[in-house]
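Right, one structure below, let's go through it.
Every chain is numbered from 1 and lettered A, B, ... according to where its sequence line falls, protein lines coming before strand lines.
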Protein chains: 2
Amino acid sequence: MKNITTWIDEYHKGSRFGLNGKILIKKTSKYQEIIVIENEYYGRALMLDGCWMTSLKDEKYYHECLVHPALSSIDEKSSVLIIGGGDGGTVRECVKYSQISKIDLVEIDEEVIKISKKFLKEIGGEAWNDKRLEIHIDDGVKWVKKTRDNFYDVIFIDCSDPSEFSNLLFSDYFYEECKRILTPKGILATQSESPESFKNIHINILKNLKNIFKVSETMYSFVPIYPSGIWSWTFASSEDLNLSKQNYDEALKIEKGCEIWNLNFQNAAFKMMPNKIIKELDS
Amino acid sequence: MKNITTWIDEYHKGSRFGLNGKILIKKTSKYQEIIVIENEYYGRALMLDGCWMTSLKDEKYYHECLVHPALSSIDEKSSVLIIGGGDGGTVRECVKYSQISKIDLVEIDEEVIKISKKFLKEIGGEAWNDKRLEIHIDDGVKWVKKTRDNFYDVIFIDCSDPSEFSNLLFSDYFYEECKRILTPKGILATQSESPESFKNIHINILKNLKNIFKVSETMYSFVPIYPSGIWSWTFASSEDLNLSKQNYDEALKIEKGCEIWNLNFQNAAFKMMPNKIIKELDS
């Protein structure tokens, strides 16, 4: 009985993406249903409330694109906030930058961290033990509200799709608060959903950030296990963003250790907006 | 009973991508099983031998990326060959270029054309009636073999994944023959599989084309219904390829009518090779 496999599917508008495997854990936390499955190709994969979050095989597609465009281009980066990110992948990419002296990880669901540390330990790896990391089990919106002005150099929003308890992470109110607690040259980096499967949410995020920050730029790349496989990340700042102005020595060192991201890839990804999204934003 | 819906899944290495809907036709031709399903989000979708080929919703992701990088950058383009392409999408993008005087479409399976014309008519649309188009029900490999030297300006290989009857379309022999029948400045454009889901096949195509042609370049973009969602297209020529040297007036006119492709998108897509593929090709 121990090796029985099953299909676990994410359902999305009449389509489904499923992984077959042995379920390692299935548990309902205070916030959501958490499943970890062992799949022959994707390795271990994490599902929250019916949506695939990450897998050992393809997590780098997501985490490298969230972290490196911001950290490789910003000069001052001593203090970093991660909202969500309970699987540890965003922390792992952040600790590669020696200039960072403090990382606050604010995850609402303690169970996600516990389960990730136990079943997906390759994702966070040694980063969980990094002395610069402090973990706070808290609501990201509340955390931001109680943070003083000009506190963080970079904020990463590494959250799931809009839902009852994550909706506010996509709101004007929240973005305004993030702007307030960022240093003047600071960068907000957020996953910004799929231009295909979550087109309306995607466009709303882009429009909101454009209204609130002086500049915002969106890159498009791939996350195989997410609906449609196309994903986006948006970077916003109150001063001119210069995402291709790199600390080259550091960036070249970091790209050597990356599976997906490199400087050319990054600069190109910011030009990959599908024509239909350009037209919709212009209209 | 008429409105009963069902799940049809493509299975790939322990994962599956399924569409729910009413099956409009399910038929086994001389070569393969053909299914057309009506899905609420993707619209009508075509499956051949268990693999999703195209859908009304996302076919432009594929066809625009196969056709426009080649046709927008080549000066002389009177004569075009399409191998496969029985859904009509590649023809539809080709007929937008007034300089083309002759398009030979060589599809092995007549049923794919018949079914596409009947159930997926929005894909081919009026292009099926274009006077420049000649349809040949034939084996692409045989067609190329019997074609005289220097005949076509552009060859599009718009085929399914390697299988018993399509394997040769990925062979050295076939690529050599394509080179022979291309005009000296001609371009071979082929779908080149996913760097993620079909990594070994993908890398083999790239290495083979690099060995046989003077130059070849690969672009990466998205096809939501294909395994992993990441897809690639490779362009090869016996002379220097200059895929960003465009006839701008024509290209700008064409990009206006595109859902996905535009000149910036194209130029960026050629730099989207994931780092792990770069490393593997260099090793």
Donor-acceptor pairs under 3.5 Å, chain B versus chain A:
residue, atom, partner, partner atom, Å
B:Asp9, OD1, A:Arg16, NE, 3.0
B:Asp9, OD1, A:Arg16, NH2, 3.4
B:Asp9, OD2, A:Arg16, NH2, 2.6
B:Gly14, O, A:Asn20, N, 2.9
B:Gly14, O, A:Asn39, ND2, 2.8
B:Arg16, N, A:Gly18, O, 2.9
B:Arg16, O, A:Gly18, N, 2.8
B:Arg16, NE, A:Asp9, OD1, 3.0
B:Arg16, NH2, A:Asp9, OD1, 3.4
B:Arg16, NH2, A:Asp9, OD2, 2.6
B:Gly18, N, A:Arg16, O, 2.8
B:Gly18, O, A:Arg16, N, 2.9
B:Asn20, N, A:Gly14, O, 2.9
B:Asn39, ND2, A:Gly14, O, 2.8
B:Tyr41, OH, A:Glu196, O, 2.6
B:Tyr61, OH, A:Glu196, OE1, 2.6
B:Glu196, O, A:Tyr41, OH, 2.6
B:Glu196, OE1, A:Tyr61, OH, 2.6
B:Glu255, O, A:Asn275, ND2, 2.7
B:Lys256, O, A:Lys279, NZ, 2.7
B:Cys258, O, A:Asn275, ND2, 3.0
B:Cys258, O, A:Lys279, NZ, 3.1
B:Glu259, O, A:Asn275, N, 3.3
B:Glu259, O, A:Lys276, N, 2.7
B:Ile260, O, A:Asn275, N, 3.0
B:Trp261, O, A:Asn275, ND2, 3.4
B:Asn262, ND2, A:Asn275, OD1, 3.0
B:Asn275, N, A:Glu259, O, 3.3
B:Asn275, N, A:Ile260, O, 3.0
B:Asn275, OD1, A:Asn262, ND2, 3.0
B:Asn275, ND2, A:Glu255, O, 2.7
B:Asn275, ND2, A:Cys258, O, 3.0
B:Asn275, ND2, A:Trp261, O, 3.4
B:Lys276, N, A:Glu259, O, 2.7
B:Lys279, NZ, A:Lys256, O, 2.7
B:Lys279, NZ, A:Cys258, O, 3.1

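The shortest non-hydrogen separation linking B:Met272 to A:Phe265 is O-CE1, 3.3 Å.
Rounded to the nearest 0.5 angstrom, B:Ile278 CD1 and A:Ile260 CD1 are separated by 10.0 Å.
For the options A:Phe222, A:Phe17, A:Phe270, heavy-atom pairs under 4.5 Å to chain B are most numerous at A:Phe222. Of the listed residues A:Cys258, A:Gly21, A:Ala269, the one with more heavy-atom pairs under 4.5 angstrom with chain B than any other is A:Cys258.
Heavy atoms closer than 4.5 Å to chain A are found nowhere in B:Ile277, neither backbone nor side chain.
Evaluation of the ring-ring contact (aromatic ring centres under 6.0 Å, His included) rule for A:Phe213 yields no partner, not counting sequence neighbours.
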